[in-house]
Chemist: 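The structure under discussion is supplied below as structure tokens; questions concerning it will follow.
The chains referred to below are lettered A, B, ... by the order of the sequence lines, with proteins before strands, and numbering in each begins at 1.
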Amino acid sequence: MLARVAAFALDGVTSRRVTVECDARRSGLPAFTLVGLADKAVRESRDRVKSAVVNAGYEFPGGRVTMNLAPAYLRKHGAGFDLPLAIALLVATDQLSQAEVEDCAFAGELRLDGSVTAVRGVLAISEGARRHGFARMVVPAGCAREAALVDGIDVVPVTTLVEAVDVLRGLTEVPVLPAAVAPLVPGPARPDFDEVRGHASLLPAVEIAAAGGHNLYLHGPPGTGKTMIARRLPTILPPLSHQEALEVTRIHSVAGERNDGRLITERPFRAPHHTISPSGLIGGGSSPKPGEITLAHNGVLFLDELAEFPRSALEGLRQPLEDGRVVIVRSQRVMTFPTRCMLVAASNPCPCGMGDHRCRCSAADLARYERRLSGPLLDRLDLTVHIPRPTAAQLRDERPVSSSELRARVIAARDLQAVRHAGTGISCNAQMTPRAVTELARVGDGALRRLYDLHDAYGLSARGHHRVLRVARTVADLAGADRVDVEHVATALALRTDSPDLAAAA
Amino acid sequence: MTACDDCLRRTDLIAALAGRIEVEWRLRTGRPMLLALADERLLDWAGDAAVAAHYAGFARGTATAALDAASVVAVCRCDAAYPAGLHDLPDPPAVLHILGDPQLLDGRAAIGIVGSRRCSPYGDEVARSFGRGFAAAGIVVVSGMALGVDCAAHEGALETGPTVAVLATGADRPYPARKRELHRRIATTGCVVSEMPPGFAPHRWGFPARNRIIAALSAGTVVVEGTERSGSLITADFAAELGRFVAAVPGRVTCAQAAGPHLLLKSGAELVREPADALDLLALEHRREESPVAVIGRGPRPAIAVRPGPAPPDLPPRLGSLLADIENGATTVAALTSPARTPADLLAALGELELRGLVRRRFGGSYERALS
């Protein structure tokens, strides 16, 4: 007879419904075919399913078996279809009834002995099942906690095919969800800003960047703390909302980055090495996978040694940074990944890294470096902070400032922004369009006039103009001011990113 | 304004021998005054039959066609229009190739500004203000269009008047190439000159050779920045040998780029703080002859304040003290932070000073006192 079982295929960072159909006949030459645009891992399911069914003690039909994954145009990959395929086979051979599997969706990889193991992206799958109105979702126990992060659907954790069948038949109680996997060894303590010493003078700039979500450019010789500061930025950004946490967890699960089933509650921090390929950074591959910028969604993407990154990779970052999403087109599919992150880039003042009078670079070296830097990305970086070597006195005497102290001020500023931007789809000042700047930023006339004075004197571009105003708005928010005043514009100006003039500045 | 056959042939010969001279230069077998040798001696020294044949087969038409194609005017040392100052050299260029306005070389007062290719923001600022100041006073600024100080001097001069660039390559060939826009501007309003024919490629020996022309075209040379091994010291040496004044702008003794000027000052060069100081030197040179330059030098000083004047009277005290700190050499936000200034106030104050045009912000966020 014909059986239908619900499953879900990952498509980018979401899932699409797939109906697994099985037609098993007692007559005909023995054969087992699987159709429906399945990739290698899915085609191999046939052999796993056959062995698992037999080894679990069920009967495998002797006649012709045809299985189909519908819709046929959607490419399916991964081993997550093993369990739905096995269940469909059991239904088709009357070992289970169609009614028993009707309200249920399935995901899981089978081993030859009939046990069920975890698959990636189960959060996206269970969200899909909820969207399609399924009451129950049978998933491997190994990733059941992750699937259960979705409200409104009963998650049934199973460890073997037999267990799954017994639950469906109502022979056994639905197993309880496994307890949260407590880390055996406590992870390294979350970094905190109070470990950063000697840079108290730079904290206001970092605070402004965090408060407005502005992309940040750290400029300074090696070993002065650029990476240290960048790594601590997530700790002063506002905590993730539940919705954001789900987004982050879903992305990391789809990418196979994390599988302990807990909701990710800390903002991600991604620091790809500069040898990364464009598709590694932006996302891609023949079956597109999220890139580093998507893994940094709702968090911080840190590009150390900005000048060393391949130009093509940086070029590709511009659009995603602007739009908050990246659209990846491959031969048969178009995929959208979210990319709303804060970009932090760092570079040395010159190729040798020493800067000022200790520099040993030639004029030609500097010219080359300048060209690489002034390239595509610099004008997406709203704020520049120069990080010099701290003096011994600064290292010794400065009062450390904790992340929580900074975060409290950032949250206060973000609250003001949320009220101002209510209903506009803008979540922080960095996302303001030029129109939003004009309509919402409330820039005082005096401040605007002074800024226009500077246009002529310093050749500020239109893009630069709006960037200064966006940052000025954040400065005013941090000060609790309703209007953007001259002093706020002045501060934004002192932090602006301009094009390098290394020949004169080295 | 023309060039005779002999001089054009000599220029052609030197261009043909450029590779040989380069080898000699790199081997550093003493410093033969190759460019002072007569044509026959040069040919003997080279001992190259192909070059000798080339020399013998020189055709004026080919040379002038190349000049016309590059819109370059040639004036040789036999011509009356040849800049008089160059005759003071032991090895004056046979032909001076001029792209742009040749009138600038007709004997009016000129001062050379030279310095490091890798100058500090301070050096850039000073060179720019000297260029601007000289040009405003009607003095022709002569420099080498190299990166750093040279370009800053040219750019400063172009704000108020024409300027002369002396190249080591052909006059029509911008070097460094990325300064082609500056090259175009100089050629449009002033002129670009070179000893070598159009299209001539850069050679190492060409740069010191170029420096002797800068020194000889100028009534004096101002060195802005450079290390103790800087090429600008070569220009200063040439100027001293020619009896022109040599002046240097002091810097901080801890800064490597100030070592060159300080070495010059130690050995007797004049100390200049602003363009007017250099104009005084010009006036001294011309005291006996009543030249227009002397009038400029002796009269009331031209209204070009290039040293930072006193802070504007309406500057609030907090900005005044910050400005003083920047003038005293603290350039980064970290260095400018003090117990009296919170970092957040400091950023606002720095932006305010920049809005008032009193400081200039450099890439990466360091500050320099702006000179008008």
Chemist: Of all the heavy-atom pairs spanning A:Arg450 and B:Arg356, show the shortest one and how long it is.
Modeler: NH2-CG, 4.0 Å
Chemist: What are the two closest non-hydrogen atoms of B:Ala348 and A:Glu487, and how far apart are they?
Modeler: CB-O, 3.7 Å
Chemist: Between A:Val486 and B:Glu352, what is the shortest heavy-atom contact and its length?
Modeler: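 Nearest heavy atoms, A:Val486 then B:Glu352: CG1-OE1, 3.6 Å.
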Chemist: Is atom CG of B:Asn328 surrounded by more than 12 heavy atoms (other residues, nucleotides or ligands) closer than 6.0 Å?
Modeler: yes
Chemist: Testing the basics here: between A:His386 and B:Thr332, what is the closest heavy-atom pair and its distance to 0.1 Å?
Modeler: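 That closest heavy-atom pairing would be CD2-CG2, 3.7 Å.
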Chemist: Using side-chain heavy atoms (C-beta onward) and a distance below 4.5 Å, is A:Pro204 in contact with B:Leu347?
Modeler: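 The answer is yes; the side chains approach within 4.5 Å.
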Chemist: Taking only residues two or more places apart in sequence or in another chain, which ones pass salt bridge (charged side-chain N to carboxylate O under 4.0 Å, His left out) with B:Glu228?
Modeler: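 Salt bridge (charged side-chain N to carboxylate O under 4.0 Å, His left out) check on B:Glu228 returns nothing, list empty.
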Chemist: With only heavy atoms counted, which part of A:Ala200 is less than 4.5 Å from chain B, the side chain, the backbone, both or neither?
Modeler: backbone
Chemist: For B:Leu350 versus A:Ala494, what's the shortest heavy-atom pair and its separation?
Modeler: CB-CB, 4.2 Å
Chemist: Where does A:Gln394 contact chain B at under 4.5 Å (heavy atoms): side chain, backbone, both or neither?
Modeler: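 When you check distances to chain B, only side chain atoms of A:Gln394 fall under 4.5 Å.
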Chemist: Tell me, yes or no, whether the heavy-atom count around B:Phe207 atom CZ, taken from other residues, nucleotides or ligands under 6.0 Å, exceeds 12.
Modeler: yes
Chemist: Identify the heavy atoms of B:Arg361 and A:Thr384 that sit nearest to each other, and give their distance.
Modeler: NH2-CB, 3.9 Å
